[in-house]
Amino acid sequence: MVAVAMMTAISAQAQKIEVVGADGHGIPLASVLTEDGNLIGTTDLNGVLADVKGAAKVAVTHVAYKPQLVTVADLQEGRITMEDVGYDLAEIVVKPKPYIFVEVFYRVYVYRDDSLCYFLSGIMPNAYDIQKKKMERGSYYQAVAEHCNKMGAGSTWFVRAQHYGAGKGVTKGMSYVNEQLKEKYFVTATVDDSTHTTYSNPEDVIGQLVHTGGQMRMTIDAGKAQMYANKAKGETKILEKREEMGYEYQFTMILNDNEEEDHAVENFLMESNHWEYNDKKGHVKFFVENYATNHYYMDKQEWKDKKKAMKEDYSNKMTLDQLDAYATSHNIPTLSTAARQAIGKLKQW
C-alpha cells in the first residue's frame with residue numbers, strides 16, 4: 001500500500017518542460033499541445049512550461065521554429081531543443097516610389113477552454129504609405145477583421161495582429177519602441193550583452209530582445225506592462241476590468257537586424273500574438289501568426305493593381321493543402337500534425 005501511494009504521488013507530480021533553441025536559450029511563447037491538438041499551455045519568458053498536465057506526448061510549435069512532437073518520458077530533464085526555421089526575405093530594393101508593399105500570410109487559432117473552436121488562415125496585402133506614415137490594407141482584410149470582431153476578438157485582432165502596422169513606433173525603429181515602452185509603460189531596457197536585452201518594469205521582468213542569426217526577436221508580456229501602467233497611473237477602472245477578465249497579452253515580433261533602416265516595415269519578418277480572457281462562456285485564447293512573404297516598393301497604381309490581383313487569387317477559401325503548399329514555398333513552418341487534427345474536428349473553418 002505504501003508503494004502504491006508513493007507511485008501515485010510521483011505520477012501526480014507536475015512534469016515541467018523547457019523549450020530551448022540551438023544556443024540553449026529559452027524560447028518564450030512556444031505553444032504546447034496534446035497529440036490531438038488541445039492546448040496545454042505556452043512557455044514563459046524563460047522557455048518553461050511548469051506542467052504538461054499528464055500528456056505522454058506533446059506537440060511544440062513557435063512562429064520561428066519547426067514544429068516537434070516529443071515523448072515526454074524520453075526528454076532529458078524535460079528539455080526540448082527546437083530547430084530554427086531559418087526564415088528570411090530577400091533584401092528590399094530601394095526605389096523612389098511612395099509605398100512599401102508587404103504580402104502577409106496569417107494563421108488565427110481560437111481556443112475555448114483549451115479546445116480549438118475556430119481557425120482562419122490566408123494571404124492579405126498591405127502597403128505602407130511612407131509620406132503619410134500610414135498602413136493601408138486590402139479590402140478583404142477588413143472583412144476578416146469584422147468577422148474576427150464577431151468572434152470576440154474585438155480591436156485586438158485589428159490593432160495587434162498586425163503589430164508592425166499598428167502604430168508609429170514600429171515604423172521608426174527599435175530605439176523609438178524602447179522610448180515608448182519607457183514613457184507609456186514604465187519599462188526600461190537593460191543591455192545584458194551584445195546579443196541580449198532585458199525589459200523590466202518596477203515589479204518584474206516583462207520581456208527580452210535577442211539578436212540571433214541576423215534577426216531581432218522581441219518578446220514582451222504586454223499584459224503585465226499594461227496592467228502595471230494602469231496601476232501606476234491610477235487607472236483603477238480598466239485595471240479592475242482586466243483583472244476580472246483574467247486578461248493576458250504577449251507578443252513576439254521578429255525583424256531583420258538592420259539598425260541603419262528607419263522603417264521597420266522593410267525589416268519585418270514575422271510575429272506571434274497571444275491574448276486571453278474570460279467571458280460568459282468560459283476562457284478564450286487567441287493566437288495569431290503573421291509572416292511577411294514578399295515586400296518591395298510600388299506606386300499608387302501598382303498598389304491598386306496588386307490589391308485587385310491578390311483579391312482574385314486569395315479571396316476564396318484555400319484548403320489546408322493549399323495553405324501548406326504556400327507556406328512550404330515561402331519556407332514557413334507548415335501546420336503541425338496536432339494542429340491539423342484539431343482543425344479537422346471543426347465543423348467549419
Side-chain angles (χ1 to χ4, degrees), residues 31 33 35-39 59-69 83-90 101-111 115-127 137-151 153 157-158 161-162 164-165 254 268-274 286-296 298 302-349:
S31 297
L33 311 172
E35 283 186 272
D36 58 356
N38 285 334
L39 181 66
V60 185
T61 65
H62 186 279
V63 68
Y65 296 87
K66 295 180 180 179
Q68 280 195 41
L69 178 67
E83 182 181 353
D84 198 300
V85 75
Y87 185 75
D88 201 357
L89 284 172
F101 170 74
V102 185
E103 183 173 317
V104 172
F105 175 73
Y106 63 89
R107 295 187 185 121
V108 181
Y109 307 82
V110 184
Y111 295 89
S115 294
L116 187 69
C117 65
Y118 183 74
F119 174 76
L120 178 71
S121 185
I123 296 96
M124 55 188 170
N126 304 265
R137 298 178 173 88
S139 58
Y140 57 97
Y141 173 86
Q142 182 62 34
V144 171
E146 289 171 359
H147 182 74
C148 287
N149 195 31
K150 294 175 183 176
M151 288 294 298
W157 161 263
F158 192 73
Q162 291 283 98
Y164 67 92
I254 301 174
F268 173 78
L269 294 174
M270 52 188 145
E271 68 175 351
S272 179
N273 288 260
H274 300 187
F286 289 83
F287 292 67
V288 179
E289 299 173 349
N290 288 310
Y291 297 85
T293 55
N294 292 294
H295 64 178
Y296 41 86
M298 57 175 54
E302 288 173 322
W303 166 229
K304 287 182 178 180
D305 294 341
K306 190 67 176 179
K307 279 195 294 185
K308 183 178 178 180
M310 287 188 68
K311 186 171 184 179
E312 292 173 355
D313 289 342
Y314 300 128
S315 59
N316 292 328
K317 186 174 177 180
M318 299 171 72
T319 66
L320 288 183
D321 288 340
Q322 288 172 324
L323 290 165
D324 270 355
Y326 181 95
T328 300
S329 68
H330 290 85
N331 200 29
I332 295 169
T334 56
L335 287 167
S336 67
T337 302
R340 269 183 166 267
Q341 287 199 31
I343 293 166
K345 295 176 185 177
L346 298 175
K347 293 181 180 179
Q348 62 178 15
W349 59 269

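These values consider heavy atoms only, across backbone and side chains, with no hydrogens, waters or symmetry-generated copies. No experiment lies behind these values; they were computed from the predicted model shown.
Every residue was checked against the salt bridge (Lys or Arg N to Asp or Glu O under 4.0 Å) condition with Lys304, not counting sequence neighbours, and none meets it. Taking the side chain to side chain donor-acceptor pair (under 3.5 Å) definition, one finds that Asp305 meets it with Gln301, sequence neighbours left out. In terms of the ring pair (Phe, Tyr, Trp, His ring centres under 6.0 Å) criterion, residue partners of Phe105 (sequence neighbours excluded) are, by chain and number, Tyr326. For Lys345, the salt bridge (Lys or Arg N to Asp or Glu O under 4.0 Å) partners two or more places apart in sequence, or in a different chain, are Asp36. Residues passing the salt bridge (Lys or Arg N to Asp or Glu O under 4.0 Å) test with Glu83 are Lys66, sequence neighbours excluded.
Of all heavy-atom pairs between Leu33 and Tyr111, the closest is CD2-OH, 3.7 Å. The nearest pair of heavy atoms linking Met270 to Val63 is SD-O, 3.5 Å. Across all non-hydrogen atoms, the minimal contact from Pro333 to Ala327 is O-CB, 4.4 Å. In plain terms, the two heavy atoms of Val85 and Asn331 that are nearest each other are O-ND2, 3.3 Å. Asp84 and Ala64 get closest at one heavy-atom pair: OD1-O, 3.6 Å. Listed here is the closest heavy atom pair of Leu335 and Ala339: CD2-CB, 4.3 Å.
Looking at Asn126, Val102, Val104 one by one, the single match for side chain to side chain contact (heavy atoms under 4.5 Å, CB included) with His295 turns out to be Val102.
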- Message: Under the criterion side chain to side chain contact (heavy atoms under 4.5 Å, CB included), I'd like the reasoning laid out for Ile332 against Thr293: C-alpha separation, chi angles, the key distance, then a yes or no.
- Response: CA-CA 9 Å; Ile332 295 169; Thr293 55; 3.8 Å; yes
- Do Glu302 and Lys306 pass the side chain to side chain contact (heavy atoms under 4.5 Å, CB included) test, and can you show the C-alpha distance, the side-chain angles, and the key distance before you say yes or no? CA-CA 6 Å; Glu302 288 173 322; Lys306 190 67 176 179; over 6 Å; no
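Taking CG from Asn290 and CZ from Phe268, the interatomic distance works out to 5.5 Å, rounded to the nearest 0.5 Å.
Side-chain contact between Tyr106 and Leu120 is present, with heavy atoms from C-beta onward closer than 4.5 Å. Taking the side chain as every heavy atom from C-beta outward, Tyr291 and Arg107 approach each other to under 4.5 Å. At a threshold of 4.5 Å between non-hydrogen side-chain atoms, the residues Tyr109 and Thr61 do not count as touching. Looking at Leu39 and Phe287, their side chains come closer than 4.5 Å, going by heavy atoms from C-beta outward. The closest side-chain heavy-atom distance from Glu35 to Leu69 is below 4.5 Å.
Applying the salt bridge (charged side-chain N to carboxylate O under 4.0 Å, His left out) rule to pairs touching residues 322-334 yields Asp324-Arg340, sequence neighbours excluded.
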